[in-house]
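Here it is, the structure, as structure tokens.
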Amino acid sequence: MDSVVTPADWSLVQAFLAVAEEGSLSGAARTLGASQPTLGRQIKTLEAQLQAQLFSRQPRGLALTETGLALMEPARAMRNAMHEIALAAAGRSVQIEGTVRITASTMTSLFHLPDIIADIRRAEPAIAIELAPSNASSNLLYREADIAVRMYRPTQLDLVTQYVGGLALVLCASRAYLAQRGPLTGPDDFEAHDFVGFDANPAIIKGFKAAGLDVTRDFFKTRCDDHATVLALVRAGCGVGFSQKAIVDADPALVVIETGFPISPLPIWLTAHEAMRETPRIRRVWDMLAQGLKPLVS
């Protein structure tokens, strides 16, 4: 009796297509928002099910074997069928409705998301938005939020992530403060100025040390761990501080200070539970968040 071939699971075929089209596990991971180890396991599982090698390793990635090439057309047909199934299950796009809960840092919630959410509401009036400003990490696995806007890439299993880009960070001060205290043109001038920094958070001190400047907590004459309050303190003239360039540029009371001091950009990641991301309303909000945040990043 001939052996019966078990139909491949769609997630395995999806992984196969992504690796084949991107030419590497890393490229496929970015496309699918999955981890490289997960994709590697899925490819091995599919090869075991089919009893065939689908890829061969090359110096610059993975290349399809003859068997892999032969599978591309039916795999793409399966992808098209899955898209049709998803569309049929979701119903027409005009019927997208419900609530989407977003969590983001206080700075992102205060300065960046209101305009984006207003655009979402105008485009999709049937979608209600809940915004939860918090610097704590909400647990997406337990539906504390549907979408998180993070300044780091989460590593938990079962989460889908998308890198949006890096927010430029700058030294800044109020125009009134600089008029009173004089210019700041480089690290040699730091001792002549007051700095606003964090209280318990060591991030800024680590940044100074990475740049070769060994400062302590006492270097910062005004300290607070809330980013929005730090910006308000800088704006009031308490000293020089750090903030996002997009926010400083939009505030006529503040000025960017160019000193050559190296500051790494702040990454933005969108994150959702993989079981929820393709829900029509969540996918729509996800896409509009990514589109709205893009102009802010490099």
Donor-acceptor contact present, side-chain Asp199 to main-chain Asp225, <3.5 Å: no
Heavy-atom check, side chain of Val100 versus side chain of Trp286, under 4.5 Å: no
Spatial distance of atom CZ (Phe219) from atom CD1 (Ile205) [nearest 0.5 Å]: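 The CZ atom of Phe219 sits 10.0 Å away from the CD1 atom of Ile205.
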Heavy-atom check, side chain of Val149 versus side chain of Leu270, under 4.5 Å: yes
Qualifying residues under side-chain contact (heavy atoms from CB on, under 4.5 Å), relative to Pro187, sequence neighbours excluded: Phe190, Leu213
Check against side-chain contact (heavy atoms from CB on, under 4.5 Å), Arg150 and Thr103: CA-CA 9 Å; Arg150 299 275 196 246; Thr103 184; 3.9 Å; yes
Side-chain donor-acceptor contact under 3.5 Å, Ser11 with Asp9: yes
Residues forming a side-chain contact (heavy atoms from CB on, under 4.5 Å) with Ala70, sequence neighbours excluded: none
Partner residues of Arg181 under the salt bridge (charged side-chain N to carboxylate O under 4.0 Å, His left out) criterion, sequence neighbours left out: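 Asp194.
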Over all atoms of both residues, closest heavy-atom pair of Ser264 and Leu169: O-CD1, 3.6 Å
Set of residues satisfying salt bridge (charged side-chain N to carboxylate O under 4.0 Å, His left out) with respect to Arg76, sequence neighbours excluded: Glu21
Donor-acceptor contact present, side-chain His193 to main-chain Pro183, <3.5 Å: yes
Check against side-chain contact (heavy atoms from CB on, under 4.5 Å), Phe198 and Ile204: CA-CA 7 Å; Phe198 294 146; Ile204 296 180; 3.6 Å; yes
List, one per line, each side-chain donor-acceptor pair under 3.5 Å for residues 229-237, sequence neighbours excluded.
residue	atom	partner	partner atom	Å
Thr229	OG1	Asp226	OD2	2.8
Arg235	NE	Asp251	OD1	3.3
Arg235	NE	Asp251	OD2	2.8
Arg235	NH2	Asp251	OD1	3.4

Same apolar cluster (I L V M F W Y, side chains within < 4.5 Å links), Val297/Tyr163: no
Minimal non-hydrogen separation, Ala18 against Leu32, with atom names: CB-CD1, 3.6 Å
side-chain contact (heavy atoms from CB on, under 4.5 Å) involving Pro37 - partner list, sequence neighbours excluded: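 Partners of Pro37 under the side-chain contact (heavy atoms from CB on, under 4.5 Å) test: Ser35, Arg41.
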Reported OG-to-CG distance for the pair Ser243 and Asp249, which is rounded to 0.5 angstrom: 10.0 Å
Spatial distance of atom CH2 (Trp10) from atom CG (Leu17) [nearest 0.5 Å]: 5.5 Å
Any residue meeting salt bridge (charged side-chain N to carboxylate O under 4.0 Å, His left out) with Asp214, in chain and number order, not counting sequence neighbours: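 With neighbours one apart ignored, the set is Lys209.
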Side-chain heavy-atom pair Val196, Arg223 within 4.5 angstrom cut-off: no
Distance, nearest 0.5 Å, that separates OG1 of Thr99 from CZ of Arg281: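 Answer for the OG1-CZ pair, Thr99 versus Arg281, is 7.0 Å.
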Heavy-atom pair with the smallest gap, counting every atom of Arg101 and Ala132: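 So the two residues come closest at NH2-CB, 3.6 Å.
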Note, His273 side chain near Val160 side chain (heavy atom, < 4.5 Å): no
Nearest-0.5 Å distance that lies between atom CD1 in Ile127 and atom CD1 in Ile120: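 It comes to 7.5 Å.
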Distance in Å, Thr185 OG1 paired with Glu258 CD, rounded so as to fall on 0.5 Å steps: 12.0 Å
From CA spacing to verdict: side-chain contact (heavy atoms from CB on, under 4.5 Å), Leu25, Val19: CA-CA 6 Å; Leu25 287 173; Val19 174; 3.8 Å; yes
Flag side-chain contact, heavy atom, 4.5 Å: Ile268 against Thr108: no
Show me the donor-acceptor pairs, under 3.5 Å and distance only, between side chains in residues 53-63 and residues at least two apart or in other chains.
residue	atom	partner	partner atom	Å
Gln53	NE2	Phe55	O	2.7
Ser56	OG	Gln58	NE2	3.3

Ring pair (Phe, Tyr, Trp, His ring centres under 6.0 Å): pairs with one or both residues in residues 98-122, sequence neighbours excluded: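 Every pair satisfying ring pair (Phe, Tyr, Trp, His ring centres under 6.0 Å) with a residue in residues 98-122: there are none.
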Side chain proximity check, Val285 to Ile282, heavy atoms < 4.5 angstrom: no
Non-hydrogen side-chain atoms of His227 and Ser105 separated by less than 4.5 Å: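 No; the side chains remain at least 4.5 Å from each other.
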Least distance between heavy atoms, Gly207 atom then Phe261 atom: O-CZ, 4.2 Å
Heavy-atom closest pair, residues Pro262 and Ala211: CG-CB, 3.8 Å
Under the side-chain contact (heavy atoms from CB on, under 4.5 Å) test, residues paired with Ser174 that sit two or more places apart: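 Result, side-chain contact (heavy atoms from CB on, under 4.5 Å) vs Ser174: Ala176, Tyr177, Leu254.
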Sidechain-backbone polar pair: Arg284 side chain, Glu124 backbone, donor-acceptor under 3.5 Å: no
Where Leu113 and Leu293 come nearest, the two heavy atoms and their spacing: CD2-CD2, 4.5 Å
Heavy-atom donor-acceptor pair, Lys245 side chain to Leu167 backbone, under 3.5 Å: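 The answer is no, because no donor-acceptor pair under 3.5 Å joins these two groups.
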With sequence neighbours excluded, residues passing side chain to side chain donor-acceptor pair (under 3.5 Å) with Thr31: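 With neighbours one apart ignored, the set is Glu22.
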Parallel, tilted or perpendicular, as decided by the 30° and 60° cut-offs, for the rings of Phe208 and Phe195: perpendicular
Check against side-chain contact (heavy atoms from CB on, under 4.5 Å), Trp269 and Val164: CA-CA 6 Å; Trp269 291 86; Val164 179; over 6 Å; no
Salt bridge (charged side-chain N to carboxylate O under 4.0 Å, His left out) partners for Asp189, two or more places apart: none
Pair Arg153, Thr161: side-chain N/O donor-acceptor within cut-off below 3.5 Å: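 There is such a pair between these side chains.
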Backbone of Pro252 reached by a side-chain donor or acceptor of Arg175 within 3.5 Å: yes
